[in-house]
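No experiment lies behind these values; they were computed from the predicted model shown. Side chains included, hydrogens not; waters and symmetry mates left out as well; all remaining heavy atoms used. Reminder, nothing fancy here: chain letters follow the sequence lines and each chain counts from 1.
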Protein chains: 2
Amino acid sequence: MAKRAAERADLLPILAELFREYGFEAASLALIGERTGLGKGSLYHFFPGGKEEMANAVLDEIDGWFEREVFKPLREEADPQRAVGGMLTAVDAYFRSGRRVCLVGALALAETRSRFAERIRTYFADWNVALTGALQRAGHGAVAAAALSEEILALIQGGLVLARALDDPAVFERLLAGLRVRLGQLLPTS
Amino acid sequence: MAKRAAERADLLPILAELFREYGFEAASLALIGERTGLGKGSLYHFFPGGKEEMANAVLDEIDGWFEREVFKPLREEADPQRAVGGMLTAVDAYFRSGRRVCLVGALALAETRSRFAERIRTYFADWNVALTGALQRAGHGAVAAAALSEEILALIQGGLVLARALDDPAVFERLLAGLRVRLGQLLPTS
DNA sequence: TCCTATCTTTACCAATTGGTACAAACACAG
DNA sequence: CTGTGTTTGTACCAATTGGTAAAGATAGGA
């Protein structure tokens, strides 16, 4: 049973990359079987609910990661400037400096949105609330903090879209760097 | 033949909404037939290349619209401030204030990216070049203009992702309004 | 009226889809 | 070695996919 849990958990990163790369619909069972090296039998053994359960398991893991590495620090870190800076670092690492796409954002635009709508909503809503709080503690007024938070999230998501569209991850990096400057993490260079 | 051209053109908006709503893969021929009221025979009569030709025709139309209504004004309008402000107005109208998704951006994230990669690239590259030029003429240095242009495009795309994810078009509107303020189209309100 | 080009309907196709059933292989505790 | 529960391979399923073929309808000009 230790083995079972371990192996199911090992599957999640592979499934996540598959969904990121192909989307939910286009990641067929044939493709999943090929990339995981597992037959349908095993796949349905670990995920009796089929693809939908796979996607939900992946989203669970993503939720967990962001809660642990991003949202919670934003809420609890004493120094809010550090908290926001840390968020940018974590995000940069997670999205591999623009080479990786945000699965939640992609699902939001894609055909299958309705199937995961509520999860998608809370993911961004939680992020937005946590970030707004940190910005307020950093001295911004309530309205300004909320506006800035939305702007930061949009820049991150839009940066991923642009980096993918232009096939140039550097776009994402430049946007993050610009954000650091604007948020006072660095001094403007010129 | 006048009839033929007219009817094929009339199909494009329907196809565009279909692709926006469901994505390329999930917009099945059955669905397309249902929404257009046309059988497969007619569809393949107008688009012998099948779905791919439909998508390319839609992308042609989008390219044309943006070239005419956005890129060209950005390049040619005498007053660059006005040009950028006009762009924001056009974009707001086109995306129905955040209720409509950017098909090109969605394709960039989706499974079918590779099939339209070059078109997606040039769409954003053209936009970026035109906007950078206008910003330079508005007084920004070359580097600053390029950075600001990328930031504006990312905000628009990210705003559409967020609006869709949060199921709240107002997010997009707020981001556009914020942009107007930052670009000096309006005075800050507080 | 007849002819021709445009358009549509219908039936069909092989391939693939997600999902199920179930027997065989496996590991491992007793 | 035996028995038990977990894991896998194989064969199968109905439904749907994008796409084709070709007969039939519909028009417009001569």
Side-chain angles (χ1 to χ4, degrees), chain A residues 1-59 103 106-107 110-116 119, chain B residues 1-59 103 106-107 110-116 119:
Chain A
M1 53 179 58
K3 192 184 174 190
R4 172 188 191 169
E7 294 198 358
R8 190 187 134 125
D10 291 349
L11 251 28
L12 292 182
I14 301 177
L15 292 175
E17 280 310 313
L18 236 16
F19 286 135
R20 261 187 270 269
E21 201 171 328
Y22 293 92
F24 179 75
E25 306 273 20
S28 68
L29 284 180
L31 192 59
I32 294 173
E34 188 183 307
R35 289 271 270 260
T36 57
L38 262 49
K40 285 191 193 182
S42 310
L43 256 13
Y44 273 83
H45 174 69
F46 289 118
F47 304 95
K51 276 176 73 177
E52 186 140 359
E53 184 172 342
M54 296 180 205
N56 274 309
V58 167
L59 288 174
L103 178 57
L107 283 179
E111 62 267 30
T112 23
R113 183 178 59 108
S114 52
R115 224 191 292 214
F116 306 105
R119 303 201 59 150
Chain B
M1 56 179 56
K3 192 183 174 189
R4 173 188 191 168
E7 295 198 359
R8 189 186 134 125
D10 291 347
L11 251 28
L12 293 181
I14 302 177
L15 292 175
E17 280 309 314
L18 235 17
F19 286 136
R20 261 188 271 268
E21 203 171 326
Y22 293 92
F24 179 76
E25 306 272 21
S28 68
L29 284 179
L31 192 59
I32 294 173
E34 189 182 307
R35 290 271 270 260
T36 58
L38 264 47
K40 286 191 195 183
S42 310
L43 257 12
Y44 273 83
H45 174 70
F46 289 118
F47 304 95
K51 277 177 71 177
E52 187 140 358
E53 184 172 343
M54 297 181 204
N56 274 310
V58 166
L59 288 174
L103 178 57
L107 283 179
E111 61 269 29
T112 23
R113 184 179 57 108
S114 52
R115 225 190 292 213
F116 305 105
R119 304 200 60 150

> Would Arg8(A) and Phe47(A) satisfy side-chain contact (heavy atoms from CB on, under 4.5 Å), going step by step from the backbone distance to the final call?
Replying inline: CA-CA 9 Å; Arg8(A) 190 187 134 125; Phe47(A) 304 95; 3.5 Å; yes
> Is the closest side-chain heavy-atom distance between Arg119(B) and Asn56(B) below 4.5 Å?
Replying inline: yes
>> How many whole angstroms separate atom CD of Glu52(B) from atom P of dG19(D)?
In response: 8 Å
> Closest heavy-atom contact between Phe116(A) and Ala55(A)?
Replying inline: CZ-CB, 3.6 Å
> Quick one: what's the B/S/- string for nucleotides 12-18 of chain D, heavy-atom cutoff under 4.0 Å, read 5' to 3'?
Replying inline: -----SB
> Looking only at heavy atoms, which two atoms of Gly50(A) and Tyr44(A) are closest? And how far apart?
Replying inline: CA-CE2, 3.5 Å
> To the nearest Å, how far apart are Glu7(B) CD and dA27(D) P?
Replying inline: 12 Å
> Between the axis at one end of the helix from dT1(C)-dA30(D) to dG30(C)-dC1(D) and the axis at the other (five pairs apiece), what's the angle to 10 degrees?
Replying inline: 10°
> How far apart are the closest heavy atoms of Gly49(A) and Glu53(A), and which atoms are they?
Replying inline: N-OE1, 2.6 Å
> Between Leu11(B) and Leu38(B), which heavy-atom pair has the shortest distance, and what is it?
Replying inline: CD2-CD2, 3.8 Å
> For the residue pair Ile32(A) and Ala27(A), what are the closest heavy atoms and their distance?
Replying inline: CD1-O, 3.6 Å
> To the nearest Å, how far apart are Ile32(A) CD1 and dG19(C) P?
Replying inline: 10 Å
> Distance check: side-chain N/O of His45(B) vs OP1/OP2 of dC7(C), anything under 4.0 Å?
Replying inline: yes
> Reckon Gly41(A) touches a base, only the sugar-phosphate, or nothing at all at heavy-atom distances under 4.0 Å?
Replying inline: base
> Quick one: does Met54(B)'s side chain get under 4.5 Å of Leu43(B)'s, heavy atoms only?
Replying inline: yes
>> What is the separation between atom CG on Leu43(A) and atom P on dT10(D), rounded to the nearest whole Å?
In response: 15 Å
>> With salt bridge (charged side-chain N to carboxylate O under 4.0 Å, His left out) as the rule and sequence neighbours excluded, what pairs involving residues 29-50 of chain A come up?
In response: Glu21(A)-Arg35(A)
> Can you check the Phe46(A) CZ to dT6(D) P distance for me, whole Å?
Replying inline: 12 Å
> Rounded to whole angstrom units, what separation is found between the CZ atom of Arg8(B) and the P atom of dT8(C)?
Replying inline: 14 Å
